[in-house]
Amino acid sequence: MAILEEPIKELKILKNYINGEWVESQGELKDVVNPATGKTLAKVPISTKDELNKAVEVAKEAYPSWRRTTPLTRARCLFRLKELMEENFEKLSRIQTIEHGKTIDESRGETRRGIENVEVATGIPSLMMGYNLEDIATGIDEYMIRQPIGVFGLICPFNFPFMVPLWFAPYAVATGNCIVMKPSSEVPLTQLKVAELAEEAGIPPGVWNVVNGGRTVVSSLLDNPDIKGICFVGSTPTGKNVVYKKCGETGKKVIAGCGAKNCLVIMPDAILDKTIAGLMTSIYGNAGQRCLAGTNIIIVGEDEAFYKKFRDAFVEKASKIRVGYGLDESVQMGPVRDKTKKERIVSYIEKGIKEGAKLTLDGRRVNIIGNYPDTCFLGPTLFEEVNPDMAIAQEEIFGPVATFMRAKTLDKAIDIIHNIPFGNSAGIFTQSGKWAREFQYETECGNIGINIGIAAPMAFFPFSGMKDSFFGNLHPQGQEIIRFFTESKVVIQRWL
Amino acid sequence: MKLNTTSAVVSFAKDLEENSTKFYENLIQKFPQDKETFLAFIKENKKNVVLVQRVYYEVISDAIEGCFSFEDLDTDTYTFDTKLPKDLSYPDVLLKAIKIEEKIQKYYLDSAEMSKSLMADIPRVFEGIAKRREKRKVELESLK
């Protein structure tokens with residue numbers, strides 16, 4: 001198939017977007033590299049503490065006026081942003097593919113998911129409403145109103161450069177807050193394009209700011225007393241030990257979406273061909289770099305014939321996955337984000353072998369469609385005979401690696417899930433409502449899939465998470481994010 | 001060539017519609033007597049492209065099996081040439097048109113069948129277009 005045209009042709013020196021202006025940073029520059037071709041796409045600044053603090057300052061200045069802007073007017077800005085995103089749908093998607101590596105289908109899917117969050121946020125005049133009750137005592141009424149809080153910091157991950165920031169940003173500004181966003185320095189291009197669209201949509205200067213950078217920007221956001229809350233998505237060590245801890249110390253509101261190790265349970269009555277398609281997307285989609293990716297596949301029952309049939313169908317489908325550049329429409333799996341990440345995944349494959357698991361599919365040997373350097377590519381990998389205590393079954397690999405485990409009963413499968421420190425997502429494939437209900441009821445995970453490979457909540461539901469996968473009280477998206485970005489104020493009134 | 005991803009399936013649908021348009025444009029040049037019918041087909045082809053692309057861009061989501069809902073749809077099965085040899089009579093051209101419509105219809109039905117339980121809205125639109133193709137075949141038969 002023909003390769004789709006790349007959306008960016010010339011190397012760019014990226015700027016920060018502060019107070020409605022594109023500002024050059026004094027920080028050092030880092031290459032943004034297309035993981036499939038190895039081509040440098042842009043140079044991103046690693047901004048300084050002063051630059052971050054300046055962005056927070058202007059956001060704080062913009063806040064009183066933005067807060068007083070009516071919810072309807074704020075919603076209209078978001079309606080315009082949504083329309084601009086639709087107009088730029090293909091460009092936004094292709095940018096994701098070139099900077100992240102995901103396939104064009106995956107990028108377009110991500111774009112759609114991100115836009116859905118803007119769509120939901122446009123309903124802010126209704127979403128932000130409080131409630132009231134007359135005569136809580138005779139002649140006395142009580143009501144609750146939601147008020148914005150101030151400036152929020154957004155610390156975004158590399159794996160969903162478009163969608164994850166939009167779990168937060170549209171809701172934050174819709175509720176009357178201002179934001180300072182730090183996109184991942186590995187994939188900054190998408191959010192800088194979004195900032196251009198936010199500007200075009202008429203979101204006033206200072207309301208939506210983007211500061212590129214690394215650890216300095218993160219720690220400055222956490223330290224800055226004018227930042228009232230932090231939205232973070234990233235690894236568990238950083239989320240738990242740095243972001244959550246620091247926000248607790250400084251009294252900031254916090255959402256910290258973290259790592260995962262998701263299990264998919266295959267019951268003996270699962271419809272095999274549809275299950276396998278779901279598993280391919282879940283395990284190998286986005287090259288496994290997804291916090292909802294299924295990685296541990298637990299096959300329930302002692303029926304060897306079923307296991308063999310399932311295994312053979314899985315191996316056949318996985319070994320045929322076309323790996324290559326995501327702008328080639330025939331490609332089903334792109335590269336992982338960079339060389340370091342590939343090396344980390346390879347080290348887990350080696351660990352699995354050492355631990356005694358059987359390497360059925362070895363992704364280290366990969367057939368790449370097209371003439372691209374193999375720097376970041378990996379093929380689908382499968383381990384069989386995996387023990388639930390092995391590192392490959394317990395730790396987040398964040399790559400296209402699946403493990404097969406066996407469990408005699410559904411209860412035993414749920415035990416395996418509960419012995420993993422994470423609780424982001426789990427799924428069951430079955431035709432039995434009884435098993436499905438039992439699984440949904442018992443499993444301690446935030447997002448449950450029933451015959452769904454990726455249990456990704458829609459924008460009007462919270463993106464949940466438990467155990468080491470989430471730190472905070474309220475989750476991204478839906479009603480919960482409105483509560484996160486607002487304070488509930490209660491008024492009790494009596495007219496004498 | 002084998003098609004496996006939704007993006008490839010949608011692009012190929014667009015190619016088929018555009019080639020169908022080319023074919024009817026050639027046909028009108030050579031046999032203008034039923035021009036209105038073929039112009040209506042051309043208009044419908046354009047509408048089909050819009051329908052297919054719209055449903056794709058609206059339904060595609062990070063969470064569904066975009067790269068894995070189709071398996072080895074072979075483009076050779078559905079490809080057709082749009083040329084009209086000089087010595088071809090009008091009835092022969094109509095026969096060729098029917099065969100083209102059959103191929104396109106088969107493409108939409110095969111891909112709808114393959115993705116039915118996974119992609120939801122896309123097979124529904126594909127089946128709708130396939131149904132209209134059936135009507136076209138009847139219309140072409142009536143012109144013979």
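Side chains are part of it too, since the values below use all heavy atoms of this structure and drop only hydrogens, waters and symmetry mates. Letters A, B, ... are given to chains in the order of the sequence lines, protein chains preceding strands, and every chain is numbered from 1. Keep in mind that this is a model prediction, so the values were computed, not measured.
Salt bridge B:Glu71/A:Lys317: present, at least one basic N to carboxylate O contact under 4.0 Å.
Side-chain contact check for B:Asp72 versus A:Lys320: some heavy-atom pair is nearer than 4.5 Å. A:Leu279 places none of its side-chain heavy atoms less than 4.5 Å from the side chain of B:Phe68. B:Thr5 has its side chain out of reach of A:Val331: every pair of non-hydrogen atoms, C-beta onward, lies at least 4.5 Å apart.
Between A:Ala277 and B:Glu65, the shortest heavy-atom contact is O-CG, 3.5 Å. For B:Gly66 against A:Asp105, the heavy-atom pair with the smallest separation is O-OD2, 3.4 Å. Taking each heavy atom of B:Cys67 and A:Gln332 in turn, the nearest pair found is O-NE2, 2.9 Å.
In this structure, the separation between CD on A:Glu329 and CG on B:Asn4 is 12.5 Å, given to the nearest 0.5 Å.
Proximity to chain B (any heavy atom under 4.5 Å) is restricted, for A:Ile321, to the side chain, taken from C-beta onward. In this structure, chain B has a heavy atom under 4.5 Å from the side chain of A:Thr103, while its backbone stays farther away. In this structure, no portion of B:Phe12 lies under 4.5 Å from any heavy atom of chain A. No part of A:Glu86 comes within reach of chain B, as not one of its non-hydrogen atoms sits under 4.5 angstrom from that chain. For A:Arg113, the part lying near chain B is the side chain, with the backbone staying farther off; criterion is any non-hydrogen pair under 4.5 Å.
A 6.0 Å sphere centred on OH of B:Tyr57 holds more than 12 heavy atoms belonging to other residues, nucleotides or ligands. Counted within 6.0 Å of CG on A:Asn367, heavy atoms from surrounding residues, nucleotides or ligands total 12 or fewer; the atom is thus considered open. In this structure, B:Lys106 places its NZ atom where only 12 or fewer heavy-atom neighbours from other residues, nucleotides or ligands lie under 6.0 Å away.
Top candidate by heavy-atom pairs under 4.5 Å with chain B, chosen from A:Glu110, A:Glu116, A:Lys274, A:Glu106, is A:Lys274.
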